Amino acid sequence: MKTTNRAVRTPGGLSIRLDVRAVTVVILLLVAALAASVVLIGTGDFPIPAADVLRTLVGEGNPGQEFIVHELRLPRVLVGLLVGASLGLGGALFQAISRNPLGSPDVLGLGQGATAGALAVIVLTSGSAGQVAVGALVGGLVTGLAIYVLAWKRGVHGYRLVLVGIGVSAIVTAVNGYLLTKSDIVDAARAVVWMTGSLDGRDWEQVWPLLALTAVLVPLVLVNARGLRMMEMGDDVSYALGVRVERVRLLLMVAAVLLTASATAAAGPVSFVALTAPQLARRLTRSPGPNLLPSLCMGATLLVVADWVSQRAFGSEQLPVGVVTGVLGGVYLLWLLVSERRAGRI
């Protein structure tokens, strides 16, 4: 099916051009994410049918179901949706800014930077879960700033951003290894569990900060989506069309770093969602633009489905969701590299 664009006029005379296929993909992904969420809420040692989950969500369940759904399972699912959406949108931003399918937070080292911040808190101070989250957020921001400064040369462009990010990632990974070797066995075990990426034990304490930050950043990103799309034609053309390129690029990079760092702070470094979600969304929409909303919805769907797989696909043994996304994302990365090489782009 080819991409179909339609112009929609509002009563005030404003004309908006819609990509019908992209809108359809967004709606289908939202339905899939919500359906997977209902199934996931009903999954566990005390299974709850989907119909009962829906009744409980609107306040018509029995006391036992109310407790299980609202206190134990719903917060975990909401964190999964928000983390997946943040990673999907952050990955789409970085890939659009770098104009490179490999320009994701996983490759650029932002996840490793957030991990370094969390490890520093765990190893040096044995901090609480809230302090670890703050450390991860600060670590991601510092790493993103370092990448931007080192990649700057009359602007930040494409492969230079990716190459600098790979170098910074290698350095931060070495720092993480050093921190682990200097920690005692208890802190090291705690750090390794956090570094795997998991939604276990997530509650409303993680939901509200992530929801607030997402509610601020997503509209900010979407408002600047037109400038980002113009920038795909090159900086000179963008300047000619009135886009303040470096301002828009810096603003969107800060937003992408915050989205990635906050997701890592909430669930640990869940790998490869930021890399795969934008590419899968682009293949579904067949649209050449940054596909911000489809990437956001794809990231949320991927993480919720991966969490269900981690809980149910291996019998009684439950795996951290980061293990599942790492395996699937690694296979996808190999396929992407082979495809890019065959196309002559790398």
Side-chain angles (χ1 to χ4, degrees), residues 18-44 46-62 65-92 197-200 202-204 206-215 217-219 221-222 259 262-263 266-267 270 273-274 276-285 291-313 318 321 324-325 328:
L18 294 178
D19 185 333
V20 176
R21 184 184 179 100
V23 172
T24 303
V25 168
V26 167
I27 294 173
L28 292 177
L29 286 174
L30 285 174
V31 172
L34 294 176
S37 298
V38 171
V39 172
L40 186 57
I41 291 173
T43 298
F46 185 83
I48 303 175
D52 290 343
V53 170
L54 292 174
R55 280 195 292 269
T56 303
L57 289 174
V58 296
E60 297 180 0
N62 61 51
Q65 291 173 339
E66 291 277 352
F67 174 76
I68 291 173
V69 170
H70 291 291
E71 298 300 326
L72 301 181
R73 298 181 183 173
L74 181 59
R76 174 184 178 132
V77 171
L78 290 176
V79 170
L81 289 170
L82 290 169
V83 167
S86 297
L87 291 175
L89 182 57
S198 175
L199 296 175
D200 290 344
R202 297 306 182 263
D203 56 26
W204 293 105
Q206 285 82 36
V207 172
W208 298 121
L210 190 57
L211 180 61
L213 193 60
T214 304
L217 292 177
V218 171
V221 168
L222 296 180
L259 287 166
S262 62
V270 180
V273 173
T276 57
Q279 294 300 312
L280 293 176
R282 181 177 296 231
R283 281 162 172 74
L284 288 178
T285 63
N291 289 284
L292 298 180
L293 272 179
S295 299
L296 182 152
C297 297
M298 178 62 76
T301 304
L302 281 177
L303 196 55
V304 172
V305 172
D307 193 31
W308 181 88
V309 171
S310 71
Q311 293 187 52
R312 309 306 300 174
Q318 295 188 12
V321 68
V324 177
T325 61
L328 298 178

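Because the structure is predicted, anything quoted here is derived from the model rather than measured.
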How many angstroms lie between atom CG of Asp203 and atom CG of Leu74, to the nearest 0.5 angstrom? 11.5 Å
At their closest point, which heavy atom of Leu303 faces which heavy atom of Gly84, and how far apart are they? CD2-N, 3.4 Å
The reported gap from CD in Glu66 to CG in Leu57 (rounded to nearest 0.5 angstrom) is 8.5 Å
Just so I know, are the side chains of Leu280 and Leu302 near enough to count as touching, which here means a heavy-atom distance under 4.5 Å? yes
Taking every non-hydrogen atom, the tightest pair across Ala263 and Leu210: N-CD1, 4.2 Å
Quick one: are Leu89 and Val218 in side-chain contact, heavy atoms under 4.5 Å? yes
Working note: Gln311 + Leu40, criterion side-chain contact (heavy atoms from CB on, under 4.5 Å); need CA distance, chi angles, decisive distance, verdict. CA-CA 9 Å; Gln311 293 187 52; Leu40 186 57; 3.3 Å; yes
Sorted by chain and residue number, the salt bridge (charged side-chain N to carboxylate O under 4.0 Å, His left out) partners of Arg202 (sequence neighbours excluded) come out as none
State the CG-CG distance between Leu199 and Leu78, to the nearest 0.5 angstrom. 11.0 Å
Least distance between heavy atoms, Ala306 atom then Thr325 atom: CB-CG2, 3.8 Å
Give a yes or no on whether Trp204 atom CH2 has more than 12 heavy-atom contacts from other residues, nucleotides or ligands under 6.0 Å away. yes
Return the minimal non-hydrogen interatomic distance between Gly88 and Pro278, and the atom names on each side. O-CG, 3.7 Å
Set out, in order, the CA-CA distance, both residues' side-chain angles and the distance that settles side-chain contact (heavy atoms from CB on, under 4.5 Å) for Thr24 and Val20, then state yes or no. CA-CA 6 Å; Thr24 303; Val20 176; 4.2 Å; yes
Got a sec, which residues hit side chain to side chain donor-acceptor pair (under 3.5 Å) with Thr214, two or more places apart in sequence or on another chain? none
Among Val83, Leu217, Leu87, Leu296, which one satisfies side chain to side chain contact (heavy atoms under 4.5 Å, CB included) with Leu259? Leu217
Please check if the side chain of His70 supplies one atom and the backbone of Thr56 the other of a donor-acceptor pair under 3.5 Å. yes
Would you please name every residue forming a side chain to side chain contact (heavy atoms under 4.5 Å, CB included) with Ser37, sequence neighbours left out? Val77, Leu81, Val304
I'd like to check Asp200 versus Arg76 (side-chain heavy atoms, cut-off strictly below 4.5 Å). Are they in contact? yes
I need the minimum non-hydrogen distance between Cys297 and Val26, along with the two atoms involved. SG-CG1, 3.9 Å
From Leu82 CG over to Leu213 CG, what is the distance, rounded to the nearest 0.5 angstrom? 10.0 Å
As an exercise, state the distance from CG of Leu211 to OG of Ser86, rounded to the nearest 0.5 Å. 10.0 Å
By the definition side chain to side chain contact (heavy atoms under 4.5 Å, CB included), identify the one residue from Thr43, Ile68, Ile48 that meets it with Val53. Ile48
Would you confirm whether Ser295, through its side chain, and Ala281, through its main-chain N or O, come within 3.5 Å as a donor-acceptor pair? no
If I take atom CD1 from residue Ile41 and atom CZ from residue Arg73, how far apart are they, to the nearest 0.5 angstrom? 9.0 Å
